[in-house]
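Lettering follows sequence order; numbering is per chain, from 1. Only heavy atoms go into these numbers, but all of them, side chains included; no hydrogens, no water, no symmetry mates.
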Number of protein chains: 2
Amino acid sequence: MRKGIETRERLLAIAEAAILAKGFGATSIEEVISEAEITKSGFFYHFKDKTELARALIHRYLEQDEVVLDGLFNRARELNDDPLHAFLIGLKLFAEMMTDLPEGHPGCLVATICYQERLFDRDIHDMTRSGVLAWRQRFLDVLREISEIYPPNDDVDLVEVADLVSTVVEGGIIMSKATREPEKLATQILLLRSYIKLLFSPVQSDRPLKLGH
Amino acid sequence: MRKGIETRERLLAIAEAAILAKGFGATSIEEVISEAEITKSGFFYHFKDKTELARALIHRYLEQDEVVLDGLFNRARELNDDPLHAFLIGLKLFAEMMTDLPEGHPGCLVATICYQERLFDRDIHDMTRSGVLAWRQRFLDVLREISEIYPPNDDVDLVEVADLVSTVVEGGIIMSKATREPEKLATQILLLRSYIKLLFSPVQSDRPLKLGH
DNA sequence: CGAGTACTGTACCATCGGTACAGATTTTTC
DNA sequence: GAAAAATCTGTACCGATGGTACAGTACTCG
């Protein structure tokens with residue numbers, strides 16, 4: 001029972017790395033099992049087919065992701081009780097964490113799956129969707145709290161601002177990979193931080209920012 | 001000679017759609033040629049192998065992309081001579097164009113290639129990289145022009161702001177696909193527009209925005 | 001008409017995802 | 001410590017696929 005979970009985890013880690021580097025369709029079970037030092041029968045004992053591997057991967061990914069984000073933004077909240085400042089600290093911690101990845105971010109499974117939609121069934125797409133919606137909810141909660149104290153300086157939909165966090169991370173990963181500048185993801189997150197700052201920073205109420213259009 | 005280019009173009013269009021939906025590795029030559037109503041030999045007459053197909057695809061993609069962006073932002077510039085307002089108009093036109101895609105954006109080849117790095121050689125990665133750097137240069141030129149008239153309200157690196165445009169588009173495409181909200185890309189671009197507005201909108205010089213940290 | 005250009009047809013090979021199933025080995029549980 | 005359950009190994013097989021090789025055909029343009 002213990003050992004089974006261990007090998008399963010090893011298979012998942014190897015498969016995830018391979019899929020993020022080559023795509024799902026181009027990742028052969030053969031190469032995964034050879035790197036994991038297990039036989040094909042052993043693989044199919046853990047996953048009845050490739051689809052179940054994908055399901056397990058995305059489940060694991062979203063779970064780990066939630067733990068990481070909780071850790072980051074909870075710690076930020078401990079450092080500053082003001083929701084805006086806490087969020088800004090959280091984004092800074094996030095950026096620092098991305099800087100600490102020497103090879104750059106390995107990639108997001110949600111993005112990989114989106115760019116290979118036809119390979120996956122409804123089930124998996126529902127999983128990625130609810131994962132992204134969880135991100136939205138997480139950031140929306142914080143932004144609502146912030147906007148109650150600091151009225152935004154532009155007429156924006158907070159749902160859009162919440163999604164912008166995910167957008168910048170997903171886009172930043174691609175930009176890092178494409179430009180071969182691993183630090184790009186971190187700097188883009190810091191730019192998002194600049195936007196949040198500009199959006200919620202208080203301005204003299206008798207002289208509001210005049211934004212046309 | 002004419003007919004050859006026509007079939008080649010047909011092959012490229014079919015292959016691009018398939019690759020954006022299933023990934024490069026999972027796209028079989030078989031399915032491309034069956035949809036294009038050509039034989040395998042015919043395919044290999046145009047492209048000596050799958051790698052050359054990829055090379056041709058990314059080349060075509062970046063060329064078309066440049067034409068589209070030129071069209072958008074040049075028209076915006078014709079509508080308003082002020083670089084800031086022209087850029088804001090350009091972003092609005094961009095968002096409108098994305099809204100007009102009823103099925104949502106089909107996906108970006110650069111992103112697909114980044115998420116399947118190991119499948120492609122240095123040549124192709126150099127092509128995608130220079131494509132992204134061309135986007136950077138395009139937007140950087142405009143932003144420099146803007147910042148000379150409107151000093152930015154936060155201490156930001158204009159290269160980062162230029163890259164943010166690409167980041168938001170790449171991330172927005174993924175968010176659209178993941179949430180199954182095709183309009184998401186457009187709304188995220190409009191949010192980027194909100195940032196540009198906030199960043200460069202003039203503030204009373206005797207009462208500047210006070211941004212700590 | 002002749003020379004490319006743009007294909008078709010056929011045959012072949014290694015690899016891969018997947019299936020099936022029988023058996024061995026290890027670990028857990030009572 | 002034995003039974004039971006979990007964790008694999010070994011072998012054999014199938015159809016599809018990417019890719020190679022090469023001979024031949026049809027179309028097109030000067």
> How would you label the contact of A:Thr51 with the nucleic acid (heavy atoms, under 4.0 Å): base, sugar-phosphate, or nothing?
Replying inline: nothing
>> Is there a side-chain contact between B:Thr7 and the phosphate of C:dC7, meaning an N or O under 4.0 Å from OP1 or OP2?
In response: yes
> Under 4.0 Å between a Lys/Arg side-chain N and an Asp/Glu carboxylate O for B:Arg10 and B:Glu37?
Replying inline: no
> Nearest-Å distance, CG (A:Asp49) to P (D:dC14)?
Replying inline: 22 Å
>> Please determine whether a side-chain nitrogen of the Lys or Arg among A:Glu145 and A:Arg77 lies less than 4.0 Å from a carboxylate oxygen of the Asp or Glu.
In response: yes
>> For A:Gln137 and A:Asp141, which I'm curious about, is there any donor-acceptor pair between the side chains at under 3.5 Å?
In response: yes
>> Measure CD/A:Glu30 against C1'/D:dA16 and give the value in whole Å, please.
In response: 15 Å
> Would you call the rings of A:Phe139 and A:Phe73 parallel, tilted or perpendicular, where under 30° means parallel and over 60° means perpendicular?
Replying inline: perpendicular
>> Whether the side chain of B:Lys50 and the base of D:dG19 hold a donor-acceptor pair under 3.5 Å is what I'd like checked.
In response: no
> Should B:Tyr45 be listed as having a side-chain N or O under 4.0 Å from OP1 or OP2 of C:dA6?
Replying inline: yes
> Roughly, in whole Å, what's the span from NZ in B:Lys22 to C1' in D:dA16?
Replying inline: 12 Å
> Can you tell me how far P of D:dA26 sits from CD1 of B:Ile38, to the nearest Å?
Replying inline: 17 Å
>> Taking 4.0 Å as the cut-off, does a side-chain nitrogen or oxygen of A:His46 come that near to OP1 or OP2 on D:dC8?
In response: yes
> Once you round it to whole Å, what is the distance between P of D:dG19 and CG of B:Leu119?
Replying inline: 11 Å
>> Which nucleotide wins on minimum distance to the side chain of A:Ser28, given the candidates C:dG17, D:dC8, D:dG19?
In response: C:dG17
>> Tell me whether the side-chain N or O atoms of A:Thr39 pair up with the base of D:dG10 as donor and acceptor below 3.5 Å, since no angle test is needed here.
In response: no
> Of A:Phe44 and B:Phe43, whose nearest nucleotide on DNA chain C comes first from the 5' end?
Replying inline: B:Phe43
> To the nearest Å, how far apart are B:Ile33 CD1 and C:dG9 C1'?
Replying inline: 12 Å
> Counting any heavy atom closer than 4.0 Å, what does A:Ser41 reach on the DNA or RNA strands: base, sugar-phosphate only, or nothing?
Replying inline: base
> To the nearest angstrom, how far is B:Phe47 atom CZ from C:dC7 atom P?
Replying inline: 11 Å
>> Which nucleotide wins on minimum distance to the side chain of A:Ile29, given the candidates D:dT20, C:dC16, C:dG18?
In response: C:dG18
>> Rounded to the nearest 0.5 Å, what separates atom OG1 in B:Thr179 from atom CG in A:Asp163?
In response: 7.0 Å
> How many Å lie between NZ on A:Lys48 and C1' on C:dG18, as a whole number?
Replying inline: 12 Å
>> Taking the nucleotide of DNA chain D with the nearest heavy atom to each, does B:Thr27 or A:Glu37 sit closer to the 5' end?
In response: A:Glu37
>> For a quick check, tell me whether the side chain of A:Lys40 and the base of C:dG18 share a donor-acceptor pair closer than 3.5 Å.
In response: yes
